[in-house]
Each structure stands twice: as structure tokens, then as C-alpha cells.
Amino acid sequence: MKQSVRYLLKNFEALDQQEVTVYGWVKSNRAQKAFGFINLNDGTAFDTLQVVYESEFLDNFGSVSKYRVGSAIKAKGILTLTPNRRDPFEIKAREVELIGDSSEDYPIQPKRHTREFLRENAHLRPRTNLFNAVFRVRSILTHAIHSFFQERDFIHVATPIITASDAEGAGETFGVSMLDIKNPPLTEAKEIDYSKDFFQKKTNLTVSGQLEAEAFALSFRDVYTFGPTFRAENSNTKTHASEFWMLEPEIAFADLEDDMDLAEKMVKYLIKYIKEKAPKELEFFNRFVEKGLLKKLDYVLNSPFVRVTHHEAVKALKEAKKKFENTPDFNEDFATEHEKYLVKHFGGPVFIYDWPKNIKAFYMRLNDDQETVAAMDLLVPGSGELIGGSQREERLELLEKRMKEMNVPKEELQWYLDLRRYGSCKHAGYGMGFDRMLMYLTGIKNIRDVIPFPRTPRNCEF
RNA sequence: GCCUAAUUAGCUCAGUUGGUUAGAGCACAUGACUGUUAAUCAUGGGGUCCUAGGUUCGAGUCCUAGAUUGGGCGCCA
């Protein structure tokens, strides 16, 4: 019988003077002449468990006192309440056994390491306090997303990872091919002949599950897709990764207003959920990662998100006293400095909606002014653009016209146009960068530190 | 992709104007210690100063190129 540290932390009061067995890794070991202390972490809880070992109970006291940090051990002993000490209880060992030694050069020490060093040791960093907390919260956040949508009767749809659609926009994609790259089959025009490839056409890793999600929304009404996404851009920033996770809900019989309502409700739900399920972890982030994190989250929880049009936002930028490197323009997207100013100016998350049509994607619904589309971005402090969404163009003629204007090939997207031919209706959706949401919730400032084994340009270790 | 900074022990860092044998804390090893919790104390071992060239009587230190990493920006349905 073995107990997890999490179980003991929850039930220790009822287990006083009972024998328990724990397995885990040594976080620190402090030996004196006839007794010593091991702080044990088994990964099930953020906190460690103190194991007291004494020479009078152990034959192997000498070797136990030499167990190094990182070693895997088993400890059997008597759970004892210690109300006057720092920890509420401890284990008085009757048996301590080495399962897996950790050699002298174990890189993770009971001291502060730089994030860069830990990134290079991505296989060992989940053993540190910080990453133990980050990746537990990541797991809980995944669950929070599913429960938010499942509680609202959304259908989860697994959209494909490999697609043949290159029509979604200018985003660079990773190609998927089984052709011999040294000697590929060529067409008469001396171009690579993808008809000889595995799928008999050019394929790539997905940059979005949205188009397929739309098909399901026009069957199930409310759906969401949640999974990995791949971008081959040579982006070197702390908010971009080559492989990341994206959540994309899609709702039918709904407009942009409904879309923003859903996004706002969801963000608040996720914050509330994490506060409830990972209070220890949040407290840790609040102390050591971002001072004021809890205050920030509470503020977001309790105030309505500001909603301004792109036009109003640009106006606010133009009226700002601050000098920008890039001049704000009514027909342009924002630069990073503009986004930073806007979230500061509006004091928290802010929706920017009704964007000029020429800087947005072909599927976004044209507004009555003929100049803007029903698109929205949610900007948040620290993580930049957290959510981007729109109401979709449901009118076949207008959609076809827009595709022609933007050189989107129609042939590959006949199925997408079908959705407008057969029972079309207004619908909307958005995409949320899951990893950016996690950054926002934990205060971690680099996306590489919220992804277990991050992939970025020139880096695919592990 | 552009700009900028950094790279010295397992880790975090110091290293004077270019000049003796490159240092500290933690970690590791040995020992002391009857309640420690980043324990403490004593002693000890541990270095391709990122790589390749160059300048110089002499380079961790100066120059050139490259690699890697950080930060800023760009790209980003």
C-alpha cells in the first residue's frame, strides 16, 4: 500500500500514528549525528513531505544520511502530527530504501536557477517548484476549458492536424511530405509533383481548425476544437512558438456581440477555476513570479471588459501624449507598443472590434459600412493578443466576392462554400492561444516556460 | 529576419590598465553537531575562460569571424 503526498496532506489529521508508505524524490537531505531530515516530493503535490529518520530505528542510517538530492526513494513510517512545527505533520521513518540513485552532478540543486538553464534541462525542470506549479496549472487549465464548454453543451470536435488547405492566410506552414527531398518527382513544368505524394496533393500541418469547426457548428450549433497548431514563421519573441495549443469555439445563430460575451465569460470562468483548484500554485506565482498577480486576476474577474472599435482605439492612440515609433493608422494593425499602451490606457483586458477589412481574413463578415469587418481581438497585459475572433461571412455571394478579391482559391474550399449554400446562418467564433492564457494566469513572461518541451526556430530538442 | 547584450567550476557570478599559481557562494567528498527545513561549522577535490583565427614578449581581458543564449523589434488565420 502506498499513499501519495497529496492524499496525506488532505487526510493527515485522521492518520495520526498510522503507518504510511510514500515513494518520491529527495528535494533536500539534512543529516546530523543520530537523525536527519529528508524533504520528499512525489509530484502529486506542490508541497514536500518531511521524513525524519533516526539511527535507533534504521540499520542503514549511514547510507540514508548520504542520499543525494534527486534520488528516488521509498519511505515507510509513522505519520505524526507536529502542530508546533512548521509542517503540520511528518513521517517518522521505520524503513528508508534507495530506489534510484542520483549521481553527484545532478543539475537541479536546492537553489535558484535561471530560466535559461532550466530550459536546456527541460527533462528535469518539472522537478523544480516553479515548473511543478506551471505544469500542474497547465493540466488543470486544460480541464477547465473542457468543463466550461461541456457545461454549456458544446460539442468537442477533433479537427485534423494534417490538412491540404493552404487557403487560410499568409501564415507559413510546415509541409508534410513523404517524397524523397533529394530526388523528388517533377512535373513537366519542373515543379515538384505532389500528385505522387502520400496524399496525392501538397499537405501541411494545420494552422487553425476553424474552417472545419464551422462545418460542425452548422450541424451542432455550439462546438469547440482544442489541440496543437503549427506555425513555421521565423518568429523570435517570448509570445511565439512553432508548436502551440489553440482553443477555437464556434457558435451558430450568433453574432460578434455573442462571440465577445462568450469569450469574456470564458476568461472569467478559467480564472475562477484556477483560483479554486490551484490556490497554492497561484500564491507561489504571486510571490515569486509576478507580484500583484492575484490582485490583477481579481480585478479582471470583477470588472466588465472594455469594448472599443478599432477606430476608437486608433483615435485614443493618436490623442495619447506618448510618442510611438510607429504612427497609429486607421487602416493598419497595431504594433506591439500600441497594444501595450491600449491595455494600460484601458486598465485591463480590452476588446477591439470592427476592424478595417483590408487587414483581416477573407471569411470575416463585412459590416454595413462596407469598410470594416465584424472582427475582434482581446488584448491583455503581458500576453498581447490573447484571443482573436470574428463573425463569419455567411452570405455566399459576399464570401465569394471577398475570396476573389483576396486571391483565395475557390476550388479547394467548395466544401466551405457549401456551408453557405445549405442552411447558412450567422455564426461566429474565436481562437485563443492556450499557452498565452497560461502565461497570463501564471505571470510567466516567456512562452517557452509554459510549454513542456517547446519548439521554436532552431530548437527542437527533446 | 534586424538591432543589442552575454558566454569563466555541475549551478549562480566576480575577475582591476593586457602581466605571478583564475576566485567566491551553492553543489560534491570527508568530518563535527540531539529538531533541521535553501540547516550550520571545518577541511578537501573540481577550470578546453563558447569555438576558430589574429595582435602582442605576454590574452579570461584587445581585434575579426562563427555558434549558442537573453532582451527589444519585425513576421504572425
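Letters go in sequence order (proteins before strands), and every chain restarts at 1.
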- Message: For B:U36 and A:Arg30 - does any side-chain N or O of the residue sit under 4.0 Å from the phosphate oxygens OP1/OP2?
- Response: no
- Interatomic distance where CD belongs to A:Glu90 and C1' belongs to B:U36 [whole Å]: 10 Å
- Verify the contact: side-chain N or O of A:Lys66 to OP1 or OP2 of B:C28, cut-off strictly under 4.0 Å; return yes or no. no
- Query: Has A:Asn234 got a side-chain N or O lying under 4.0 Å from the OP1 or OP2 atom of B:G1?
  - Reply: yes
- Message: So A:Thr239 and A:Asp435, do their side chains get closer than 4.5 Å, heavy atoms only?
- Response: no
- Item | Contact nearer the 5' end of RNA chain B, comparing A:Lys445 with A:Val52 | A:Val52
- Message: Over all strands shown, is A:His240 touching base, sugar-phosphate only, or nothing at heavy-atom distances under 4.0 angstrom?
- Response: base
- Message: Can you tell me which nucleotide in B:G35, B:C76, B:G1 comes closest to the side chain of A:Glu233?
- Response: B:C76
- Task: Could you work out the separation of B:G72 and B:A29 based on their P atoms and round it to a whole Å?
- Result: 40 Å
- Task: Searching all strands shown, indicate the nucleotide that pairs with B:G58 (Watson-Crick or G-U wobble; both distances under 3.5 Å).
- Result: none
- Task: Tell me whether the centres of the aromatic rings in A:Phe462 and A:His123 are closer together than 6.0 Å.
- Result: yes
- Task: Please state how far atom CD1 in A:Ile108 lies from atom C1' in B:G10, giving the value in whole angstrom units.
- Result: 11 Å
- Task: Take the protein atom NZ of A:Lys27 and the nucleotide atom P of B:A27, then report the distance between them rounded to whole Å.
- Result: 15 Å
- Taking the six-membered ring for Trp, are A:Trp355 and A:Phe334 ring centroids under 6.0 Å apart? yes
- Task: Output the single nucleotide from B:A39, B:U68, B:G35 whose closest atom is nearest the side chain of A:Lys92.
- Result: B:G35
- Under a 3.5 Å cut-off for both distances, is B:A29 Watson-Crick or wobble paired, and to whom? B:U43
- Item | Distance, C1' atom - from B:A42 to B:G47, rounded to whole angstrom | 25 Å
- Message: What is the separation between atom CZ on A:Phe117 and atom C1' on B:U8, rounded to the nearest whole Å?
- Response: 16 Å
- Query: Which nucleotide sits closest to the side chain of A:Gln109: B:U36, B:A27, B:U68?
  - Reply: B:A27
- Query: Across the strands shown, which category fits A:Thr229 at heavy-atom distances under 4.0 angstrom: base, sugar-phosphate, nothing?
  - Reply: nothing
- Message: Regarding B:G46, can its base be found pairing with the side chain of A:Glu104 as donor and acceptor, where the two atoms are less than 3.5 Å apart?
- Response: no
- Message: Could you check whether any side-chain N or O of A:Asn29 sits under 3.5 Å from a backbone N or O of A:Val64, counting only pairs where one atom can act as donor and the other as acceptor?
- Response: yes
- Answer yes or no: side-chain N or O of A:Ser235 and base N or O of B:C76 forming a donor-acceptor pair under 3.5 Å. no
- Message: Under a 3.5 Å cut-off for both contacts, is B:C2 paired Watson-Crick or G-U wobble with anything, and if yes, with which nucleotide?
- Response: B:G72
- Task: Give a yes/no answer on whether the side chain of A:Thr237 brings an N or O atom under 4.0 Å of OP1 or OP2 in B:C73.
- Result: no
- Nearest-angstrom distance from the residue atom CG of A:Asp105 to P of B:G45: 20 Å
- Query: What nucleic acid atoms does A:Glu116 come within less than 4.0 Å of, heavy atoms only: base, sugar-phosphate, or nothing?
  - Reply: sugar-phosphate
- Query: Taking CZ from A:Phe230 and C1' from B:C76, how many angstroms apart are they, rounded to a whole number?
  - Reply: 17 Å
- Query: Does the separation of the ring centres of A:Tyr53 and A:Phe35 fall below 6.0 angstrom?
  - Reply: no
- Item | C1'-based separation of B:U64 from B:U56 [nearest Å] | 16 Å
- Any side-chain N or O of A:Lys33 under 4.0 Å from OP1/OP2 of B:U40? no
- Taking a pair to mean Watson-Crick or G-U wobble geometry with both distances below 3.5 Å, B:U64 pairs with B:A52
- For A:Arg86 and B:A38, is the shortest distance between a side-chain N/O and OP1 or OP2 below 4.0 Å? yes
- Item | Output field: ring centroids A:His310/A:Phe330 closer than 6.0 Å | no
- Item | Residue-phosphate contact under 4.0 Å: A:Thr114 side-chain N/O, B:U12 OP1/OP2 | yes
- Write down the distance separating the C1' atoms in B:G44 and B:A27, rounded off to the nearest Å. 14 Å
- Mind checking the C1' distance from B:A14 to B:A6? Whole angstroms is fine. 15 Å
- Do the rings of A:Tyr341 and A:Phe324 sit parallel, tilted or perpendicular, given the 30° and 60° boundaries? perpendicular
- Task: For A:Phe37, report the nucleic acid contact type (base, sugar-phosphate, nothing); a contact means any heavy atom under 4.0 Å.
- Result: base
- In whole angstrom, give me the gap between the C1' atoms of B:G18 and B:U55. 11 Å
- Message: Under 4.0 Å, heavy atoms only, any strand: does A:Lys238 hit a base, just the sugar-phosphate, or nothing?
- Response: sugar-phosphate
- Can you tell me the distance, in whole Å, between the NE2 atom of A:His113 and the P atom of B:G70? 17 Å
- Look at the side chain of A:Asn236 and the base of B:G1, then say whether one donor and one acceptor between them are separated by less than 3.5 Å. yes
- Query: Between the side chains of A:Asn60 and A:Ser63, is a donor N or O closer than 3.5 angstrom to an acceptor N or O?
  - Reply: no
- Starting from P on B:G35, measure out to CG on A:Asp87 and report it in whole angstrom. 17 Å
- With rounding to whole Å, what would you report as the distance between B:G60 and B:U8 at their C1' atoms? 7 Å
- Message: Among B:C28, B:U37, B:C73, which nucleotide has an atom closest to any side-chain atom of A:Arg68?
- Response: B:C28
- Task: Determine the Euclidean distance between corresponding C1' atoms of B:U61 and B:A22; express it in Å to zero decimal places.
- Result: 12 Å
- Do any side-chain nitrogens or oxygens of A:Arg119 fall under 4.0 Å of OP1 or OP2 in B:G70? yes
- Message: Taking 4.0 Å as the cut-off, does a side-chain nitrogen or oxygen of A:Asn446 come that near to OP1 or OP2 on B:G71?
- Response: yes
- Item | Ring center gap for A:Phe149 and A:His156 short of 6.0 angstrom | no
- Message: By nearest heavy atom, map A:Gln50 and A:Ala31 onto RNA chain B; which one lands nearer the 5' end?
- Response: A:Ala31
